Amino acid sequence: MTKNLVIVESPAKAKTIENFLGKDFVVKSCFGHVRDLAKKDLGVDIENGFIPQYIITPDKKKVISDLKKIAKDAEMIWLASDEDREGEAIAWHLVEALGLNEIETKRIVFHEITKPAILEAIENPRKIDKNLVDAQQARRVLDRLVGFELSPLLWKKIKPSLSAGRVQSVAVRLIVEREEEIKGFAVTSAYRVLAEFIINKDNKQILLSAELNKRFKEKQEAIAFLEKCKSADFSIEDIETKPSKKSPAPPFTTSTLQQEASRKLGFSVANTMRVAQQLYESGKITYMRTDSVNLSKFALNLAEEVITESFGPQYVKTRQYTTRTKGAQEAHEAIRPTYMNNRTAEGDHSQSRLYDLIWKRTIASQMSDALLEKTNVTINISNAPEKFIARGEVIKFDGFLKVYMESRDEEDDDNQEGLLPPLNVGETMIPREINAQEKFSQHPPRYTEASLVKKMEELGIGRPSTYAPTISTIQKREYVVKEDRDGMIRKYCQITLQGKTITEVIKTENTGFEKAKLFPTDIGNLVNNFLVQHFNNILDYNFTATVEEEFDEIAQGKIVWNQMIHDFYFPFHDQVEKTLEKSQKVSGEKLLGKDPATGENIFVRIGRYGPMVQKGDTDPENKPKFSSLKKGQSIDTITLEEALELFKLPRTLGVYEDEEVIVSTGRFGPYVKHKSAFYSLAKTDDPLEIMVDRAVELIQEKRKKEEEKTIREFPEKEGLKILNGRYGPYLTYQKQNFKIPKGKDPGKLTLEDCLKIIHESEPSKATRAKRRK
DNA sequence: CAGTGAGCGAGCTTCCGCTTGACTT
């Protein structure tokens with residue numbers, strides 16, 4: 001018999017807490033939200049004050065029925081979901097779904113999973129905060145209304161299956177607009193002048209590097225300057241030394257973990273979260289979806305011990321960080337090792353690398369500042385007003401740098417500042433070499449997954465639990481693609497003064513190379529332009545921040561949630577209706593030119609299945625020809641020649657076994673079609689060049705493979721086969737596949753065996769609901 | 001790397017936030 005039932009959100013948490021609470025408590029988890037708006041139609045009763053229609057989420061039916069059973073016998077029920085808007089709503093939904101008495105049910109909260117924190121929570125139960133629940137309902141209903149009214153509009157005006165929403169559409173907008181900025185960016189260049197000097201001192205030669213405090217726009221200016229240097233005297237005019245310090249970054253939140261794992265380990269956002277989840281489930285780190293930089297007392301003490309022991313007390317500096325992120329809800333701690341004294345974590349390579357990163361970041365956040373000394377040496381040029389500057393930086397005390405240094409998104413090039421030699425004012429020097437090199441201005445950087453998350457967090461858009469899913473959604477919808485792109489060779493000029501001679505050379509560099517960056521697609525551009533044009537208010541970067549303020553007012557009981565939704569919805573709905581009526585279907589259609597062979601018009605536009613070219617006007621009598629754009633082609637950039645190339649397929653190669661052999665290209669690349677069967681071309685085959693002999697070869701190759709694939713057939717039973725598939729041998733019958741039980745030799749199964757397997761197998765969801773991608 | 005290869009007369013798609021399993025040969 002259960003005395004006390006405590007319900008938390010995460011099963012890993014449940015296990016830990018049960019250990020703290022003793023035998024009178026059973027701790028179970030509800031796995032997050034248990035109810036949601038009905039999926040059909042809007043799930044909101046607009047006429048009657050926006051009453052939400054909630055259903056128990058299909059995958060939570062079992063969770064709820066299990067919890068009900070335990071709750072029935074429990075004397076007391078404690079709802080311990082997270083202390084934020086969503087957590088409060090989860091508690092309330094549990095009351096509703098489990099049929100609990102709200103008055104008798106206790107609501108408790110804690111920010112850290114430590115024994116004192118849990119016990120304190122148990123001592124201080126409260127009631128469910130209905131205002132906070134209402135704020136969540138407003139959030140949920142607003143997102144549903146926006147998403148489920150805008151998306152169908154896109155299906156009608158652009159293409160089926162598209163989606164729009166408060167979060168994803170703004171994420172796409174960021175990428176589209178960044179690309180436009182880049183397209184409009186005017187590259188300029190200027191000459192940067194670097195010198196290497198020789199100082200003769202105590203019979204030794206000392207080298208000193210310095211940069212001129214001015215860049216020259218024109219080559220002639222640079223040359224004129226170097227001409228002057230030929231006859232100039234150089235001497236130290238001033239030495240300025242000043243102390244400075246660096247402080248460690250705060251411990252990880254979801255967003256900063258994703259950024260650092262991306263920069264330092266090259267992890268995708270989704271990969272980081274997968275690995276972090278594994279570390280969490282095995283008890284090695286605290287919860288990985290958090291916006292808080294707070295560390296528990298327990299963690300602070302342990303960090304101090306570890307640092308003292310490993311590096312000495314002078315490296316300790318206990319710090320409490322405060323969150324400055326917009327809309328942060330701080331229901332958890334920062335992401336940290338559960339026990340800081342575990343320097344490493346067992347597990348696979350990814351797990352131990354990510355753990356190492358988390359360990360270092362957490363420890364560093366509790367260490368002392370690094371003390372530096374920066375030195376600026378000003379070098380006078382006797383016949384010119386410009387000065388050369390040599391910079392040095394010395395670490396006087398390494399502090400937290402001993403373990404960890406945060407990386408930056410853009411690594412600044414060749415600005416290495418190191419130790420300077422001992423120097424005195426008035427000392428003279430001679431230039432060994434002075435270089436004026438043409439440097440180009442850089443366009444704003446394209447987003448990586450992680451830098452997009454950073455930007456979204458700054459705007460208060462999305463939550464720790466949704467960053468990774470949002471990024472995969474906008475890629476799945478094909479609004480953006482993550483790709484590498486080749487750079488281009490660019491020429492630059494370098495002018496060198498050595499001794500008394502000036503030489504000029506043209507060199508080349510590779511520029512614009514991109515690795516795993518986000519690019520908008522044609523569809524992304526089209527959808528974004530449509531939404532920005534008609535729903536500028538929703539796509540506004542401040543929309544979320546504005547509605548969040550209203551959600552806060554609901555949470556404080558200042559305004560009523562469905563009144564707020566009412567005020568938002570009706571003007572918004574009018575906007576949708578008007579756009580539906582007024583605006584034309586958009587396809588981004590462009591006339592590229594005419595086919596020189598037939599004189600027909602060649603168009604490019606978005607079709608039902610994405611970007612495509614069309615030959616001939618749309619005419620029911622004389623149907624035009626279509627072809628999809630190839631990967632890497634875009635409506636924006638495709639040329640007439642490239643478009644014509646696409647119509648060269650399908651080609652009829654000839655006849656084999658009395659049937660035509662046709663080559664074409666489809667979703668999965670080029671293929672040969674023969675007797676309504678398909679044969680993929682090899683990577684080395686060119687569909688425009690391939691001849692019938694090679695096609696026949698491909699057909700025969702695949703037929704042979706097919707034969708080998710079949711382990712056994714049964715003449716008595718049509719369609720029953722034992723095949724060798726990707727996951728090993730399996731049974732197939734009437735379009736259904738069946739697993740062969742372990743320990744059976746697939747080659748020796750009798751017909752009876754097979755029928756038995758088919759009979760005994762679960763009536764599985766035979767047809768896979770969704771195809772991947 | 002098993003199957004897939006549209007351009008539609010039918011029916012479906014879609015939001016954001018919480019949480020983890022999945023078994024499919």
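Here the structure is a predicted model, which means the values were calculated and not measured. The sequence lines fix the lettering, A, B, ..., with proteins before strands; numbering per chain opens at 1.
Residue A/Glu281 is in sugar-phosphate contact alone, with no base atom involved, counting any heavy-atom pair closer than 4.0 Å across all strands shown. A/Ala164 comes within 4.0 angstrom of the backbone, heavy atoms only, and of no base. At the heavy-atom level, A/Leu154 lies nowhere under 4.0 Å from the strands shown. Residue-level contact check: A/Pro11 touches the backbone only, with heavy atoms under 4.0 Å from sugar-phosphate atoms and none from bases. The residue A/Phe626 sits apart from the nucleic acid: no heavy atom pair falls under 4.0 Å. At the heavy-atom level, A/Gly165 lies under 4.0 Å from the strands shown only through sugar-phosphate atoms. Contact annotation for A/Tyr287: backbone-only contact, meaning every heavy-atom pair under 4.0 Å involves sugar-phosphate atoms and none involves a base. Contact annotation for A/Tyr280: backbone-only contact, meaning every heavy-atom pair under 4.0 Å involves sugar-phosphate atoms and none involves a base.
For B/dG17, the O4'-C1' to base torsion is more than 90° from 0; the nucleotide is therefore anti.
Ion pairing of A/Asp129 with A/Arg107 is absent here, as no side-chain N (NZ or NE/NH1/NH2) approaches a carboxylate O to less than 4.0 Å.
As a whole-Å value, the separation of A/Gln278 CD from B/dT20 C1' is 13 Å. Rounded to a whole Å, the NE2 atom of A/His33 is 9 Å from the C1' atom of B/dC16. A/Leu37 places its CG atom 10 Å from the C1' atom of B/dC15, with the value rounded to the nearest Å. As rounded to whole Å, 13 Å separates atom C1' of B/dT20 from atom CE of A/Met273. Look at CD on A/Glu83: it is 20 Å from P on B/dG17, rounded to the nearest Å. For the pair A/Ile90 CD1 and B/dC18 P, the interatomic distance rounds to 8 Å; values are reported in whole Å. Rounded to whole Å, the distance from CG on A/Leu539 to P on B/dC15 is 15 Å. In this structure, A/Asp66 places its CG atom 14 Å from P of B/dG21, rounding to the nearest Å.
Residues passing the salt bridge (charged side-chain N to carboxylate O under 4.0 Å, His left out) test with A/Arg477, sequence neighbours excluded: none. Residues satisfying the ring-ring contact (aromatic ring centres under 6.0 Å, His included) test with A/Tyr679, not counting sequence neighbours, are none. Scored by the side chain to side chain contact (heavy atoms under 4.5 Å, CB included) test, A/Glu550 finds A/Ile559, A/Met564 as partners (sequence neighbours excluded). Applying the ring-ring contact (aromatic ring centres under 6.0 Å, His included) test to A/Tyr541 and every residue at least two apart in sequence or in another chain returns nothing. Residues satisfying the ring-ring contact (aromatic ring centres under 6.0 Å, His included) test with A/His534, not counting sequence neighbours, are A/Phe530.
Remark: A/Ser161 is not in phosphate contact with B/dT14, judged by side-chain N or O atoms under 4.0 Å from OP1 or OP2. Distances shorter than 4.0 Å separate none of the side-chain N or O atoms of A/Arg85 from OP1 or OP2 on B/dC18. Under 4.0 angstrom from either OP1 or OP2 of B/dC15 there lies at least one side-chain N or O belonging to A/Arg477. The phosphate of B/dC18 has OP1 or OP2 within less than 4.0 Å of a side-chain N or O from A/Ser465. Residue A/Arg289 places at least one side-chain N or O under 4.0 Å from the OP1 or OP2 atom of B/dT20.
With both ends at atom C1', the span from B/dA2 to B/dT24 equals 11 Å, rounded to whole Å. Atom name C1', nucleotides B/dG11 and B/dG17: the rounded distance is 29 Å, in whole Å. For B/dA6 and B/dA10, the C1' atoms lie 14 Å apart once the distance is rounded to whole Å.
Remark: ring of A/Phe148 stacked against base of B/dT14; centroid gap under 5.5 Å, plane tilt under 30°. Here A/Tyr671 does not count as stacked on B/dG5, because the ring centres are not under 5.5 angstrom apart with planes under 30°. Per the stacking criterion (ring centres < 5.5 Å, plane angle < 30°), A/Trp155 does not stack onto the base of B/dT14.
Looking at DNA chain B, no stem turns up: there is no run of 3 or more consecutive Watson-Crick or G-U wobble pairs with key distances under 3.5 Å.
Comparing A/Ser627 and A/Asp84 along DNA chain B, the residue whose closest nucleotide (by nearest heavy atom) sits nearer the 5' end is A/Ser627.
Judged by distance alone, with hydrogens and angles left aside, A/Arg140 brings a side-chain donor or acceptor within reach of the base of B/dC15, the pair sitting under 3.5 Å. Side-chain to base pairing of A/Ser163 with B/dT14: no donor and acceptor N or O lie closer than 3.5 Å to each other. One cannot find a donor-acceptor pair under 3.5 Å joining the base of B/dC18 and the side-chain atoms of A/Arg463.
In the model, A/Glu9 has no side-chain atom that pairs as donor or acceptor with a side-chain atom of A/Tyr287 under 3.5 Å. With 3.5 Å as the limit, one finds no donor-acceptor pair spanning the side chains of A/Asp82 and A/Gln329.
Comparing B/dT14, B/dG17, B/dC15 by their closest approach to the side chain of A/Glu86 singles out B/dG17. Of the candidate nucleotides B/dT14, B/dG17, B/dT20, B/dT14 has the atom nearest to the side chain of A/Gln168. Nearest to the side-chain atoms of A/Arg139 among the listed nucleotides B/dC16, B/dC18, B/dC15 stands B/dC16. For A/Ser151, the listed nucleotide lying nearest its side chain is B/dC15; candidates were B/dT13, B/dC15, B/dT20. For A/Met612, whose side chain is taken as the heavy atoms from C-beta onward, the closest listed nucleotide among B/dG7, B/dT20, B/dC16 is B/dG7.
Looking at A/His93, A/Glu86, A/Arg85 one by one, the single match for side-chain hydrogen bond (donor to acceptor under 3.5 Å, both in side chains) with A/Gln136 turns out to be A/Glu86.
In this structure, A/Lys615 is positioned above the aromatic face of A/Phe647, its NZ or CZ under 6.0 Å from the six-membered ring centre and within 45° of the axis.
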